[in-house]
Amino acid sequence: MPDTTIPHGGLRERLSDRLLAGGVEIAVDRERMTREIEATAPGSPATVAALGALRAAEIADSAVLWLSWRLRPRTMGLGGRA
């Protein structure tokens, strides 16, 4: 019978790592964009619309980060703790 177990560093762990790295990078970029847009013309309709779109993106970013955490294998240590 073939071994069907996922080895250490398996698909779930790699997918979780990629989603986490990408999600954090996108979230940092979004925060930077938010600060830049807020500084340009506070209160203008274009600024309000752009900030609304960035708020929607924040919700999507949160979902990606949540998914990356849920995919993380339960046997992995957290931040150096066993």
Side-chain angles (χ1 to χ4, degrees):
M1 176 175 259
D3 183 15
T4 59
T5 59
I6 297 175
H8 182 70
L11 180 62
R12 275 182 75 163
E13 183 179 346
R14 290 191 314 256
L15 182 57
S16 174
D17 289 344
R18 297 268 172 121
L19 282 172
L20 183 60
V24 168
E25 184 177 332
I26 290 169
V28 168
D29 288 344
R30 183 187 36 74
E31 286 295 321
R32 180 188 49 79
M33 285 178 58
T34 301
R35 285 192 303 273
E36 289 175 2
I37 290 171
E38 286 174 339
T40 57
S44 77
T47 300
V48 171
L51 291 174
L54 286 172
R55 177 65 181 129
E58 181 181 1
I59 293 167
D61 294 344
S62 296
V64 168
L65 293 173
W66 176 84
L67 180 61
S68 72
W69 181 251
R70 293 297 298 162
L71 285 173
R72 185 146 308 272
R74 301 291 182 247
T75 57
M76 290 184 67
L78 303 173
R81 291 181 272 162

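We're numbering straight along the sequence, starting at 1.
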Completion exercise
Here the salt bridge (Lys or Arg N to Asp or Glu O under 4.0 Å) pairs for residues 59-70, sequence neighbours left out, are Arg30-Asp61

Problem - Nearest atoms (heavy-atom pairs only) where Ala50 meets Ile37 - result: CB-CD1, 3.9 Å

Exercise for the section: Determine the minimum heavy-atom distance between Leu71 and Arg12, stating which atoms define it. Expected result: O-NE, 2.9 Å

Problem - Separation between CZ of Arg72 and CG of Leu15, rounded to the nearest 0.5 Å - result: 10.0 Å

Fill in the blank from the handout: Grouping ILVMFWY residues whenever side-chain heavy atoms fall under 4.5 Å, the cluster of Val48 otherwise contains none

Practice task
Would you please name every residue forming a side-chain hydrogen bond (donor to acceptor under 3.5 Å, both in side chains) with Ser68, sequence neighbours left out?
Solution key: none

Practice task
Measure the spacing between CG of Leu20 and CH2 of Trp69 and express it to the nearest 0.5 Å.
Solution key: 9.0 Å

Problem - Qualifying side-chain hydrogen bond (donor to acceptor under 3.5 Å, both in side chains) pairs, either residue in residues 41-50, two or more places apart - result: Ser44-Thr47

Problem - Of all pairs that satisfy salt bridge (Lys or Arg N to Asp or Glu O under 4.0 Å), the ones with a partner from residues 42-57, not counting sequence neighbours - result: Arg55-Glu58

Problem - Atom pair CG/OG1 of Leu54 and Thr34 - distance to nearest 0.5 Å - result: 4.0 Å

Exercise for the section: Give the other cluster members for Ile26, using side-chain heavy-atom distances under 4.5 Å between Ile, Leu, Val, Met, Phe, Trp and Tyr residues; answer none if it is isolated. Expected result: none

Problem - Gap between atom CG of Leu65 and atom OG of Ser16 - 0.5 Å precision - result: 10.0 Å

Handout entry: side chain to side chain contact (heavy atoms under 4.5 Å, CB included) partners for Glu31, two or more places apart
Key = Arg35

